[in-house]
Amino acid sequence: MGKASGNPVPFFPGGQDMKGTWTSLISGLSLGGMQLAWLALYVLVLNRRIAGDSLPWVPILLFYPASATLNLFLRSRVGDWRVLLPANGLGGFLVFGLFLGWQVLLAPVPESESWPALVARFFNPYRVEFLFFTLSAAAWGLGCRLAILRISFSALFSEFQFGLALLFIALFAEHRLEMNLPHLVPLVLLFFSFALLGIGVAHGAERAGWTSGRFFSTWAVFLIAAVALVLSAGLLIAILASPAFVQFLLALLYRAGEFILGIIGRILGFLLSFLPLPEPSLPPPPPPSPPAVRPEDWSPFFLFSDSTREILRVLWTIMIFSVLVLALWRISSQILDWLRRRMGAANGDEVEPLPGAFRADLRILFLWILDTLSLKWLFRLLARRKRRSPERDSLRQTYILLLQWAAAKGCRRRVSQTPFDFLPRLVDFLPEAREDFAFITRQYVRARYGPLPPSGEVSEEGKDRWENIQRVEDRRKKNRKNKKGDAVHGRNEA
Amino acid sequence: MEETKPEIDSKIHRIVAAAERFTESVGRVIVGKKEAIQSVFIGLLCGGHLLIEDVPGVGKTLLAKAAARSLGCSFKRIQCTPDLLPADVTGLHYFNQKSSEFEFRPGPILANLVLVDEINRAMPRTQSCLLECMQEQQVTVDWHTFSLPRPFLILATQNPIELEGTFPLPEAQLDRFLLRVKLGYPAAEEEEAILTRFRETNPLDSLTAVLETGELLELQKLFRQVFVDPSVRGYITALTRATRDHADIRLGGSPRSSLGLHSAAQALAAIQGRSFVIPDDIKSLALPLLGHRLLLKAEARMRGKSEEDVLREILDGIPVPLEGPG
């Protein structure tokens, strides 16, 4: 769906210069028109297919402008979509509750039906009430989205692409199910007209297109002429394209195809006539029949047991799936890479194919989904569990203990110091443990910034070295105490 | 997330050996200055251009020539003067009267290693003709675009003291230089060694190629496998972004400088025989890589601050990634 980027045109005109008000209003209305067109088509399809033309489709569609207007008004008061969205959600929930209560509790139902059965019956998608509620909720949601969306050229363009895909699906469904909807052509024409108008105006408003140039009036005339042309061409086609006319066109195409294929066949026949025909050869003699084997004499070399066969089948399935997933992965990454380059080229950028970009994009998408579901912590937990190794943790813990110990002794590391920057200070503090400090620092750096975890021996040696540092310090303390004691003793003696 | 590539461990010695050979070869001419020679090798590995800047007579051109001699690739020299024209650099189409056709005569830029001596003596339009070559490794002459040979490296020298008749390099061009190398005056014992070494013959004449083009191209691919922890990547971006937000800086580091810092740190780690980058690599490369890209505010200059001082301030303020996931 549409996404804001570049210098978007805010649909809501508050807080911007007057010059941009009209363009933003037109862009917003165009986007709304496009959405309303495809939404109307879907409502009509569902109305015909499920509700049997009993759905009040006009009130449903009215929810869309009502929601957009109300939310725009609220936005001018509240000003933040973070409040608007939950408010809409809460409102929808309340309305749903009331609607459900009205349908389940107040509607006349047979006494034999239990309460859960009533609720389940309400959720039947073929039920007109449920359909009405769902569609009006969708219209309301889209209207709310329109109110908070920052409309830009790219938003309009992506909305056009999205709407076009939806239109195709709806038209395909309509054709396959032979529904003969009455408002099909006007709706499609409306969609394209709004798209043309909105995209052109937004492009110009962002000062990225011809509408911002010197020839604005000329191009504006072209734009209006193009919209008029599309409308008139569409109407003309709709008028002319009667079933008989289409049948005639198809028959014409069929005849033309037959004629061309006939000519190709004749040319091929003519060319084949130059080739010598192969001489008829005798059929080969039948192969000697193998000696008959009696069932009781035959025994297989070995026979797979059922369990082995089951395991092999599972393995085979896994292999096939892996190959399929791999192929899918490759194709998807190639397509994405191609798309990225094309989009970059469209903006005049040179896009380098980065290894792992597809994987990174997938990861971001996955994270976004988890974030939306408030489950990002799960991913972090899994990632941490996967990445950490006990040896690395142990070495890291040792270094943290070393830092804490040094800080307690007044030798604090500055946050901008790297482990190797800090090493000389540690050595100055306790020169006797120079080797131990150097070893722990070196191994910690390897474990912290390197790709591979340290071995068990290194981790153990790190612990030993840390204990040794503590022993050296104790010894130093004792020596100092003894020296002090000796000095006091000497003084007393003196 | 970046893949772990333990196979780099078994191949890193090739980079170390090549760096040692190169340092030894250039070191026969340039006395001391190990860091400067190492910077040149980092530039070679990353395919990044180098700006050698210092006062006259400290061996800027000699370093560039020694580096060129130590590589088995084509070498051209452009001596920049105010009357040097873009066509003198890129080449030109001339009308051959014998064949009655326009023919292209390639300029000196179409070589693997190009020494652009005293680059700031060339006029801005001549300097600008190097922009496309430096970034896109191609040259356009009369609507024809020619790819430059690989590897392609520009070693430019400039004298920051003598400003008369010079044209300061524009920021866009400075940003295209991966590293700025400063040689500085030699120490007393080094200067004595120079006198002894250059007494009879010029050691530059005896230099032979110690690194062929094919090998260099292979090493250029290989060093990219050096592992960079995500937290170290974060440290790089924090550093570059801090240069943009600093009160004394008018123009900070570009995304190109972040990329440069990333690859230069990989190269430095590989030269030191490590298969992973550590924050010390970033810190040691910050000044040669970002120093020439920063544009200080006039007030900062009046307070006597230099790019080095500001970068040191920034480095002192950014926490090194020590703890965190991983």
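Since we're looking at a predicted model, the values are computed, not measured. In what follows, every chain begins at residue 1, and chains take the letters A, B, ... in the order their sequences are listed.
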Tell me, yes or no, whether the heavy-atom count around [X] atom [atom1], taken from other residues, nucleotides or ligands under 6.0 Å, exceeds 12.
X       : atom1 : value
K34(B)  : NZ    : no
Q135(B) : CD    : yes
R256(B) : CZ    : yes
R250(B) : CZ    : no
F146(B) : CZ    : yes
R412(A) : CZ    : no

Checklist entry - Has the side chain of R448(A) got a donor or acceptor atom that lies under 3.5 Å from a matching backbone atom of L322(B)? => result yes
Item to check | Point-to-point distance, once rounded to the nearest 0.5 Å, from OG of S416(A) to CG of D316(B) | outcome: 4.5 Å
Checklist entry - Nearest 0.5 Å, what's the OG1-CG distance between T418(A) and L315(B)? => result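 That separation rounds to 10.5 Å.
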Checklist entry - Where do Q417(A) and K283(B) come nearest, in terms of heavy atoms and distance? => result CA-NZ, 4.1 Å
Checklist entry - Where do P451(A) and F276(B) come nearest, in terms of heavy atoms and distance? => result CD-CB, 4.0 Å
Checklist entry - Name the one of V277(B), I278(B), D281(B), V228(B) that satisfies side chain to side chain contact (heavy atoms under 4.5 Å, CB included) with Y449(A)? => result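 Output: one option passes, namely I278(B).
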Checklist entry - Which residues, numbered in order, of residues 316-324 of chain A come under 4.5 angstrom of chain B by heavy-atom distance? => result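 The residues closer than 4.5 Å to chain B amount to none at all.
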Item to check | Positions in residues 420-435 of chain A that reach chain B, provided some heavy atom is under 4.5 Å away | outcome: F420(A), D421(A)
Next on the checklist: Using heavy-atom distances under 4.5 Å, tell me whether R446(A) contacts chain B through its side chain, its backbone, both, or neither.
Outcome noted: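 Contact with chain B is through both the backbone and side chain of R446(A).
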